[in-house]
Engineer: 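Have a look at this one before I ask anything.
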Amino acid sequence: MDGKLQVLQGDITKLDVDAIVNAANTSLMGGGGVDGAIHRAAGLELVAECMTLNGCRTGEAKITQGYRLKARHVIHTVGPVWHGGGNGEPELLRACYQNSLALAAKHGLQSIAFPCISTGVYLFPADQAAEIAVEAVKAFLQTPSALKTVIVCCFSEADRKRYESLLC
Ligand code: ADP
């Protein structure tokens with residue numbers, strides 16, 4: 001592998017990386033959970049830039065500056081809402097990881113941190129989401145790019161343990 005996948009437990013808004021990924025909604029205007037935390041920490045300039053982006057479709061990704069965050073950029077991606085798994089949810093979640101990583105690489109970024117996309121209010125089952133995330137990141141890291149460090153930033157201990165067991 002060219003780059004490395006690491007697992008951390010903590011608040012993604014505190015990380016000093018080239019980009020943190022936001023589990024946003026299609027409006028990109030902010031919301032609850034990690035989206036709310038990122039907007040609060042970044043300040044109002046972030047919402048102002050988001051207003052210029054025309055929203056974001058599920059599975060796609062858009063990049064902004066990080067403003068008051070330590071992270072230089074925010075990559076906003078919209079995870080699928082879980083409706084039982086038969087509506088393309090796994091493929092859309094994989095696309096979130098792939099498109100976010102591709103956007104980071106396109107911008108020459110070297111480090112990126114993801115939250116556990118869709119596993120909060122969007123109710124994607126955590127085990128399946130973690131398998132998709134790890135698979136997508138590992139596959140991406142097989143291809144040459146500037147990305148050297150990919151972090152999964154888990155908020156809960158349960159998520160951290162889930163990812164650690166997948167990586168060992
Ligand atoms: P979604 O709408 O995609 O489900 P949520 O924000 O509800 O997004 O939850 C996604 C994940 O982000 C959950 O695992 C939640 O625990 C986690 N989370 C919430 N706040 C933070 C934070 N400050 N840093 C990292 N992860 C967070």
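Every number for a ligand or one of its atoms is a count from 1 in the order of the listing. We use all heavy atoms of the structure for the numbers below, so side chains are in, but hydrogens, waters and symmetry mates are not.
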Engineer: Is T58 reaching over with its side chain to a backbone N or O of P80, donor-acceptor style, under 3.5 angstrom?
Structural biologist: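 Checked: no pair found.
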
Engineer: Would you say ligand 1 has an N or O under 3.5 Å from any N or O of I117?
Structural biologist: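 No: no nitrogen or oxygen of I117 is under 3.5 Å from one in ligand 1.
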
Engineer: Does K62 use its side chain to pair, donor to acceptor, with the backbone of L53 at less than 3.5 Å?
Structural biologist: yes

Engineer: Strictly distance-based, threshold 3.5 Å: is any side-chain N or O of N25 a donor or acceptor partner for the main-chain N or O of V78?
Structural biologist: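 Such a contact is absent between N25 side chain and V78 backbone.
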
Engineer: Give the residue and atom name of whichever protein heavy atom lies nearest to atom 7 (O) of ligand 1, and the separation in Å to one decimal.
Structural biologist: V121 N, 3.0 Å

Engineer: Can you name the atoms of ligand 1, numbered from 1 with element, that are less than 4.0 Å from a heavy atom of G10?
Structural biologist: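 By the 4.0 Å cutoff, the relevant atoms are 24 (N), 25 (C).
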
Engineer: Tell me if the CE atom of M29 is crowded by more than 12 foreign heavy atoms within 6.0 Å.
Structural biologist: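 Atom CE in M29 is crowded, with more than 12 foreign heavy atoms closer than 6.0 Å.
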
Engineer: Apply side-chain contact (heavy atoms from CB on, under 4.5 Å) to L123 and list each qualifying residue two or more places apart in sequence or on a separate chain.
Structural biologist: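 For L123, the residues satisfying side-chain contact (heavy atoms from CB on, under 4.5 Å) (neighbours in sequence not counted) are W82.
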
Engineer: Quick check on contacts: which atoms of ligand 1 are under 4.0 angstrom from a heavy atom of D159?
Structural biologist: 14 (O)

Engineer: List ligand 1 atoms under 4.0 Å from G120, heavy atoms only on the residue side.
Structural biologist: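 So the answer, numbered in order with elements, is 4 (O), 5 (P), 7 (O), 9 (O), 10 (C).
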
Engineer: May I ask you to identify the nearest protein heavy atom to atom 15 (C) of ligand 1, giving residue, atom name and distance to one decimal place in Å?
Structural biologist: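 Protein heavy atom at minimum distance: F155 CB, 4.4 Å.
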
Engineer: Is a side-chain donor or acceptor of E89 paired with a backbone partner of H83 at a separation under 3.5 angstrom?
Structural biologist: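 Looks like yes, one N/O pair under 3.5 Å.
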
Engineer: Could you tell me which atoms of ligand 1, counted from 1 in the order shown, lie closer than 4.0 angstrom to a heavy atom of D11?
Structural biologist: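 What qualifies from ligand 1 is 22 (C), 23 (N), 24 (N).
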
Engineer: Nearest non-hydrogen contact with atom 10 (C) of ligand 1 belongs to which option: A23, C116, P115?
Structural biologist: C116

Engineer: Any heavy atom of S118 closer to ligand 1 than 4.0 angstrom?
Structural biologist: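 Yes, S118 has a heavy atom closer than 4.0 Å to ligand 1.
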
Engineer: Cluster partners of I151, using ILVMFWY side-chain heavy atoms under 4.5 angstrom, listed by chain and number?
Structural biologist: L8, I12, L15, V17, I20, V34, I38, L46, Y67, L69, V74

Engineer: Between the candidates V34, V152, T119, D35, which shows the shortest non-hydrogen contact distance to atom 6 (O) of ligand 1?
Structural biologist: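 The residue whose heavy atom sits nearest atom 6 (O) of ligand 1 is V34.
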
Engineer: Specify the protein heavy atom at minimum distance from atom 24 (N) of ligand 1: its residue, its atom name, and the distance to 0.1 Å.
Structural biologist: I12 N, 3.0 Å

Engineer: Give a yes or no on whether the backbone of A95 and the side-chain of N99 come within a donor-acceptor separation of less than 3.5 Å.
Structural biologist: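 Answer holds: yes.
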
